[in-house]
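What you see is a predicted model; the values in this text were computed from it and never measured. So that the names make sense, note that chain A is the first sequence line, chain B the second, and so on, each numbered from 1.
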There are 2 protein chains.
Amino acid sequence: MISDLSPEIPGDQQNTEAARRGRRAAGCDPAKRRQILDGARRVFIDLGFDAASMNDITREAGVSKGTIYVYFASKEELFEAIIEEERGKIFNNLYGALEGGGSLRETLIRFGMALSLKITCDKVIRAQRTVIGASERVPDLGRRFYERGPLHGHMLFTGFLQSAMDEGLLDMKDPPLAAYQFTDLCMAGLFRQCLFAYRTEPPSDEEMRYVVAAGVDMFLKSYGTVKLWELEAREAATE
Amino acid sequence: MISDLSPEIPGDQQNTEAARRGRRAAGCDPAKRRQILDGARRVFIDLGFDAASMNDITREAGVSKGTIYVYFASKEELFEAIIEEERGKIFNNLYGALEGGGSLRETLIRFGMALSLKITCDKVIRAQRTVIGASERVPDLGRRFYERGPLHGHMLFTGFLQSAMDEGLLDMKDPPLAAYQFTDLCMAGLFRQCLFAYRTEPPSDEEMRYVVAAGVDMFLKSYGTVKLWELEAREAATE
DNA sequence: GGGAAATCGAACCAATCGGTTCGAAAAATT
DNA sequence: AATTTTTCGAACCGATTGGTTCGATTTCCC
């Protein structure tokens, strides 16, 4: 079965002749595809879409140009495949931090750390720069990235806040707004500093922890309920 | 005196011959310079640095290519001149909002509105996208933009918070961090939404006011002192 | 109005772009 | 080992790039 060997490739042009004989269709070797994507990713993220040439990618990937065009129809298609991959790498396994247990404060700190560490690390910042730069001429690209990445995460986190509200731990008039406030507090200033290349290197773990803790404090001081204070006081007393 | 006519032009090559006769040196007509900058600004901000060609700029500015190269040595130099101008247009006259009088809460709302309205409007977002996109290959550009723009503003605002602290209205352990928290709260979510082209049009005045008011509430609930509450209560009573 | 100077406009440069083509070489299936 | 298929590598396409050059034209100062 072909899909066993290359499950992630859409089966639009299966090259049925070869398929019937149990042979791989042209442009369907997952390893080669990976090789191309990895090389192209480095080039695109280093140079941006425009400045990256297909010859650069050829060189970086160690694959001939003709072969690239067997796997991807155009520069745009290759680019979009890479952005999609990057989005997945950034946002997958991020919201598991919401389900690790512990007190509300602990969970918020754990989530805030995971979020802001990932969003401000060098690789991710470079990827975001590339998407933002391309958003001017290809708005759909930036839009899709945002919808499937940050927006999706925002809804998951809003749901988490809702459930904390149902438990009587938080009291918010506008949970979606509160979710935005929280995520922005967790990266106070740092996100823009990184985007504009003001920081030579990403925030350290300690700095991040300091900012996140301050953000969580501020957030809970605004939205925490009496029940939350009682819980926290009780917990502090037992230690 | 030449510098009276073109004060902003560096006098490196004054074409002394012509200057002695009271004539303008080549490439020193402020009006032409403006014409070129205006055309180039539109093209660069619409297309980004790479995709903008000098022929596009020629067309948009209504100036021959040879003339452009009399005023600017290269595409990069022209681009940097425009970014510098844009930075000035964005951040100048922004921090006057801090000095308009009124209560602390009123001032914070006024400043927050001015800040976030300006930073998320279409023109400014496009300019920022261009700078961020170019920051990958020309980090100095993004760095200078950030230092002379957002960072400078951050220091001004931190000073404002300090003086409010001196008056006993606020109590903060870390004023610079608090300044970041405030500015980020004022654009909760909106800044990233705009950057990634998720929003077709910038936030409305009402939406902005709603977000800013919520941010100011949160900020004051965290950092406001008893003295501030008394002041606000007294003011509310007299109305 | 005469003469100096700046601008224009178009041609021109070498280099590079994304994308295609094709025969030779390499791999893999039978 | 024979044969099918993929990949390679280089040449090639037309278009466009940033940048230069240069005579014709316009503008401006005396």
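Separating the CD1 atom of A/Ile68 from the P atom of C/dG19 is a distance of 11 Å, rounded to the nearest angstrom. The separation between A/Ile36 atom CD1 and D/dT6 atom C1' is 12 Å, rounded to whole Å. Atom CZ in B/Arg34 sits about 19 Å away from atom C1' in C/dT7, given to the nearest Å. We find that CD of B/Glu77 is positioned 14 Å from C1' of D/dG19, with the value rounded to whole Å. At whole-Å resolution of the value, CZ in A/Arg59 and C1' in D/dA10 are 15 Å apart. Following rounding to the nearest Å, B/Tyr69 (OH) and D/dG18 (P) show an atom-to-atom distance of 7 Å. Between the P atom of C/dC12 and the CG atom of B/Asn55 lies a distance of 16 Å, rounded to the nearest Å. Atom CD1 in B/Ile57 sits roughly 8 Å away from atom P in D/dG18 (whole-Å rounding).
Here the rule is side-chain contact (heavy atoms from CB on, under 4.5 Å) with B/Ile57, and of B/Val43, B/Leu37, B/Val63 only B/Val43 fits it.
For C/dC8, the OP1/OP2 oxygens have a side-chain nitrogen or oxygen of B/Lys32 closer than 4.0 Å. For the OP1/OP2 pair of D/dT7 and a distance below 4.0 Å, the side-chain nitrogens and oxygens of A/Ser64 include no atom meeting the criterion.
Residue contacts for B/Ala52: at a heavy-atom cut-off of 4.0 Å it reaches the sugar-phosphate backbone alone, with no base atom in range.
Within the 4.5 Å cutoff, no side-chain heavy atoms of A/Arg144 are placed close to those of A/Ile83.
Residues B/Thr58 and B/Asn55 bring no donor and acceptor atom of their side chains to less than 3.5 Å of each other. With hydrogens and angles left out, the side-chain atoms of A/Tyr69 and A/Glu77 include no donor and acceptor closer than 3.5 Å.
Distance from the side chain of B/Ser53 is smallest to D/dT17 among C/dC8, D/dT17, D/dT7.
Nearest-nucleotide positions on DNA chain C place A/Met54 closer to the 5' end than the other of A/Gly66 and A/Met54.
Relative ring orientation between A/Phe44 and A/Phe49 is described as parallel, the plane-to-plane angle staying below 30° on a 0-90° scale split at 30° and 60°.
Judged by distance alone with a 3.5 Å cut-off, no donor-acceptor contact links the side chain of A/Lys65 to the base of D/dG9.
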